[in-house]
Every structure is written in structure tokens, then in C-alpha cells.
Number of protein chains: 2
Amino acid sequence: MEHFDELKKTKIFKDTNEFECQAMMFCLKTRFKTFDKHQHIVSQGEPMDDIILIIKGGAIVENIDSLGNISILMRLKKGDVYGVESAYAGDTVYKDSLVATERTRVLFMNKHRTINPCENRCKKHEMVIKNLMQSMAQTSIQLLDKVSHMSKKTIRDKLMSYFKALEKKSGSAYFEIPFSKTELANYLSVDRSAMSTELTKMKEEGIIDFDKRQFRLIKNQNEIL
Amino acid sequence: MEHFDELKKTKIFKDTNEFECQAMMFCLKTRFKTFDKHQHIVSQGEPMDDIILIIKGGAIVENIDSLGNISILMRLKKGDVYGVESAYAGDTVYKDSLVATERTRVLFMNKHRTINPCENRCKKHEMVIKNLMQSMAQTSIQLLDKVSHMSKKTIRDKLMSYFKALEKKSGSAYFEIPFSKTELANYLSVDRSAMSTELTKMKEEGIIDFDKRQFRLIKNQNEIL
DNA sequence: TAAAAAGTGTTGTTTTTACAACAAAATGGA
DNA sequence: TCCATTTTGTTGTAAAAACAACACTTTTTA
């Protein structure tokens, strides 16, 4: 079956065999499509019929407000899904745009078929739904993390909050940020150049060290945690 | 059955009859408890065994970081649930504190029992799970809204983003904010006094009008939307 | 109902941030 | 490999926000 290897690696289809996976493709009325870098996978305001699964590549979720300001809400990578929340909320249009950040292959899955157990009660459908729930839970948690970083008052505090979370996740003082600096500034909603200045200061003060995307938090010896 | 009237009004048990609801109480190993204003319903770091459903009253979800700064992540009201995401993510401790903002009655539901369909396959359990999903979807959407307001650069833009969302939701230029001004400042992560100043300016400029929690957006006649 | 607590608006000052403009470095294609 | 594009760090300046301190109002509760 086409793309089974990739599907097997996603959150949603991780525990299906080839036959089951194939069956689900019918059940969920799926279709595949590939997008080039910068192409819109879906556009804000467009009628929403599908939940989207990123099979290969990556995309950003961006939102344009009525004044024309663009903000990047999150970044999706291989295996991530978009639109589950909206599908449950009963939205009829996409509330954000999905823009490919590289050559990206996606799977469109009919939203009704996906969130409602099907009439023929196909066994694996329940599993798909459970996986969707885990995916939603993860999204919520990621958003909560983002909110907690953004809530900090100064750029330095925002950075530290973010770094501490990454440090905890990596289990070591050394970690790698999943963003370019430009994207990190966007994620934290701060001015890029101001953030760059702050990072330099922090390095000079010996609080952190970094090179490219590699970072390290330097613990102060009199700091007791 | 005790509290059936209140349970009937919640997201989770909205479509159960008294008998089914009673059965679910056993199935989910629930227990009721009442808290006074300011009391901690659960505390950050405490072992997490239950998902919490607010039956009556309200609470805030607050998080304390390693520097001791408190931030309010969201506010829960009657019918809301807390902890579904964490339960799915497999967390073993509460990551936030839940503090009652008034006299509040809650239902503790065993997290394992709640998120996993039970062995006896009780019919209503599936429905509860579907409702939990809707609840998660809502939470995600609320967080996304919050993020999009917070992403705006100036206090004024944050306020306008928030007001426009409320205006849209209410379907009228008149709407009521669900917060005190102090809480609103906290929600948007801005200084309360700076926000107060900005609100006054906006009123003077004729962009908005407000009294207590009642607000109104005043459309500029040359503004075409 | 009186006292305490919480919420609100105002001000001047200090701190932080955004902004703009630039050069250098890194990256990615053709 | 070379050119175009993107990313990054730096600086000075202007704008915005946080902060602190206060008086006044509203709400809560003992």
C-alpha cells in the first residue's frame, strides 16, 4: 500500500497493520496531496471538510487578524494533525491557514467520518479516535506551555521559561531548540532583534551558553533549586 | 439521586438520565466535595488521580513558576472539567493549582476509569468519553484564542483582539466581559494600571464605550469591514 | 451595618521593548 | 560553486509598558 510506511509512523495510524490502514483510508474518505514550500495547504476562511495529517515535511499554522497582522500559532511536523478541535467544535470554515515550510505531503481525512464512529463499526476506528484524543491532549498541553512562557513579563523571563521547559524535557542542561531564532522570537511574540540583544546579554552574564540551535543553561552555584 | 440536577447541566453528563448518571458515578469512582473561596481544590505537584468537574461555583487554574510568579491560565465555571489533557498525557502529578473563587462543589472522577472504556462496556461510558473530547476541543480553542490575543503587540491591540472576539460571540456590538478589569489584565498578561489607562484613552477617542463589565465597540463610519 | 478587603482610575518615573536600518554570516538552490 | 535569499547580531532612537504610590469606589463579610 502506498505511503503505509509513513502512515505507520504517525500518531493516528501508529498501531494499524497494512490491511487495517488501507481499510481506514476508505473509511475516512482520505486523499493524499503534496505541497511545495510556501504553498497553502488550507487557507483561513475556506470551507472545512477535512482534518489534515502531515505525512512528510512540515507546516506552520498561521492566523491573520482583521488588521492584517500575521501570527504563527504553532508549527506542525511529520505525524501531527490539524483541525481536530475545530471538527469537534463544529466549525464550518478553517480558522487558520496551514502553510508548508518545505515540500510536504499531507493526508486529508473527512472530518465527519473521522470523528464519528462509523456505521459498520470498523474495529480500528475506535483506536483512531482514541489517538485523536491523545493528539488533542498534546496540542492543549503545548498551548498551555506557550501561554505560560508568553505570560512572563520580560523577554528574558520568557526565554528562561522556555529554556527551562526544554531543559526539563531533554533531561539535561544541554538541549536544542526546534526553531530558528527568528521563529523563536515569533513563537514567544517578541521582537526578534530585541530578543537577539537579550540572548547576547544573557550569554555575557554567564546565565546561558549557545551556538546555533544548541543551548545550555548554566546553573549559578549559590542558587538552590 | 443527590446532585443529579447539577450533573445534568454539565458538559459531561448532559445526556444521561438519573439512573444512568447514578451508574456512571460508580463506574468512574467519583466523590463529591465542597470548597470555600480561596481553598485549593488541587495543588500543583500533588499526585494526580482524578479529573475534576465543577458542579457549582467556579475556580481559577493557576501556575507558579520556579521564581514564584503566579499566572492565571484559565478560569473554570460550572460544568467545566480540569485534568483531561493531563490524564491523556499520562501525567502523574497536577501541573497547576485549582483555586476556588467562591464556594464551589466539585466532583472527582478517577482518571483511569474516566478515559478508558470500562470492561463491562457500559453504554454511557462511550458518551462520556465523547463529551470529554468536546470539552478538550473547547479548551484548546479557548487557549488558541488567548494566545492570539496575547500575541498582539500593544495593550490596545490585545484589548481590541479580545473585544472583537467577544463581539463576534455575542452577535452584537454590546457585550459583557466575564472578568473584573483586574482579572482581564491578568488574562491578557498586561499591567492592570497600564490597561486601565489605555481603556480610558480608547473611551476618550470614541473607539469603545464601557461601564463596569458592559462594553460596546464603536465602529468608525469610514471603516469598511 | 460597619469595617475590611478588593477593585479601579490616575499620575509621574523608570524600565523595557519595538522599530528601523545595517552588515555579516549562513543557507539553499540553480 | 555562485548567487539569491534568509538568518542573525548590532546600534541608536522612539514608543510603550511596567512600576509605584495614591485616592476613591465597590464589594464582601464578620
Side-chain angles (χ1 to χ4, degrees), chain A residues 36-39 57-58 60 67 69-72 75 99-104 149-161 176-205 208-215, chain B residues 36-39 57-58 60 67 69-72 75 99-104 149-161 176-205 208-215:
Chain A
D36 283 326
K37 184 171 177 173
H38 300 306
Q39 268 195 302
I60 51 167
L67 300 167
N69 304 313
I70 296 176
S71 61
I72 296 178
R75 139 171 268 179
V99 185
T101 52
E102 58 192 290
R103 194 171 169 78
T104 297
H149 307 322
M150 286 175 70
S151 302
K152 300 290 177 287
K153 278 183 281 281
T154 65
I155 293 183
R156 176 175 296 210
D157 287 347
K158 286 175 194 174
L159 286 167
M160 286 305 283
S161 170
E176 187 174 339
I177 61 171
F179 295 116
S180 70
K181 305 253 169 66
T182 304
E183 289 170 322
L184 176 58
N186 198 307
Y187 172 78
L188 296 174
S189 280
V190 297
D191 180 72
R192 182 200 59 77
S193 70
M195 188 189 87
S196 182
T197 307
E198 194 63 40
L199 280 172
T200 307
K201 262 197 235 163
M202 289 164 81
K203 194 192 247 182
E204 280 170 3
E205 293 178 27
I208 59 168
D209 195 17
F210 63 91
D211 180 54
K212 301 271 166 58
R213 292 186 178 194
Q214 298 294 328
F215 280 76
Chain B
D36 284 325
K37 184 169 177 174
H38 299 307
Q39 268 196 303
I60 50 167
L67 300 166
N69 304 314
I70 296 176
S71 61
I72 296 180
R75 138 171 267 178
V99 184
T101 53
E102 58 193 289
R103 194 171 170 78
T104 297
H149 308 320
M150 286 175 70
S151 301
K152 301 290 176 288
K153 278 183 281 282
T154 64
I155 292 183
R156 176 174 295 209
D157 287 346
K158 285 176 194 171
L159 286 168
M160 285 306 283
S161 169
E176 186 174 339
I177 61 172
F179 294 117
S180 69
K181 304 252 168 66
T182 304
E183 288 169 323
L184 177 58
N186 198 307
Y187 173 78
L188 296 174
S189 280
V190 298
D191 180 72
R192 183 200 59 78
S193 69
M195 187 188 89
S196 182
T197 307
E198 194 63 39
L199 280 172
T200 307
K201 262 198 237 164
M202 290 164 81
K203 193 193 250 185
E204 279 169 4
E205 292 177 28
I208 60 167
D209 194 18
F210 63 91
D211 179 53
K212 302 270 165 58
R213 292 186 179 194
Q214 298 295 329
F215 280 75

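Convention: sequence-line order gives letters A, B, ...; per-chain numbering from 1. Atoms considered below: every heavy atom in the structure, side chains included; atoms not considered: hydrogens, waters and symmetry mates. Small disclaimer: the values here were computed from a predicted structure and weren't measured.
Residue B/Ile155 is in sugar-phosphate contact alone, with no base atom involved, counting any heavy-atom pair closer than 4.0 Å across all strands shown. B/Lys37 comes within 4.0 angstrom of sugar-phosphate atoms only, judged by non-hydrogen atoms across all strands, and of no base.
Distance from the side chain of A/Lys212 is smallest to C/dT27 among C/dT17, C/dT27, C/dG7.
The distance from atom CD of A/Glu102 to atom NZ of A/Lys37, rounded to the nearest 0.5 Å, is 8.5 Å. Atoms CZ and CZ, from B/Arg75 and B/Phe179 in turn, are 6.5 Å apart once rounded to the nearest 0.5 Å. Note that CG of B/Leu188 and CE of B/Met150 are 8.0 Å apart. Values are rounded to the nearest 0.5 Å. To the nearest 0.5 Å, the span separating CE on A/Met195 from CD1 on A/Ile155 amounts to 8.5 Å. Atoms OG1 and NE2, on B/Thr104 and B/His38 in that order, are 11.0 Å from each other to the nearest 0.5 Å. Rounding to the nearest 0.5 Å gives a distance of 8.5 Å between NZ of B/Lys152 and OG of A/Ser189.
The distance between atom NZ of B/Lys152 and atom P of C/dA18, rounded to the nearest whole Å, is 14 Å. For the pair A/Asp36 CG and C/dA30 P, the computed distance is 10 Å after rounding to whole Å. Remark: P of C/dA24 and NZ of A/Lys181 are 19 Å apart, rounded to the nearest angstrom. Atom pair B/Asp157:CG and C/dT17:C1' shows a separation of 14 Å (rounding to whole Å applied). Rounded to an integer number of Å, the gap from A/Leu188 CG to C/dA18 C1' is 15 Å. Remark: C1' of C/dA26 and CD of A/Glu183 are 15 Å apart, rounded to the nearest angstrom. Atom-to-atom, CG of B/Leu184 to P of C/dT8 comes out at 9 Å; the value is rounded to the nearest Å. B/Leu199 places its CG atom 16 Å from the P atom of C/dG7, with the value rounded to the nearest Å.
Listed here is the closest heavy atom pair of A/Leu199 and A/Lys181: CD1-CD, 3.8 Å.
Running 5' to 3' along DNA chain D, contacts with non-hydrogen atoms of chain A at under 4.0 Å begin and end at D/dT7 to D/dC19.
Where B/Thr182 and A/Arg156 meet DNA chain C, the nucleotide closest to each residue was compared, and B/Thr182 sits on the side nearer the 5' end.
A heavy atom lying under 4.0 Å from DNA chain C marks the following residues of residues 189-198 of chain B, by number: B/Arg192, B/Ser193, B/Ser196, B/Thr197.
Residues passing the ring pair (Phe, Tyr, Trp, His ring centres under 6.0 Å) test with B/Phe215, sequence neighbours excluded: B/Phe163, B/Phe210.
Listed pair B/Lys153 / C/dT17 fails the phosphate criterion, with no side-chain N or O lying under 4.0 Å from OP1 or OP2.
Salt-bridge annotation for B/Lys158 and B/Glu198: absent, with no side-chain N of the basic residue lying under 4.0 Å from a carboxylate O of the acidic one.
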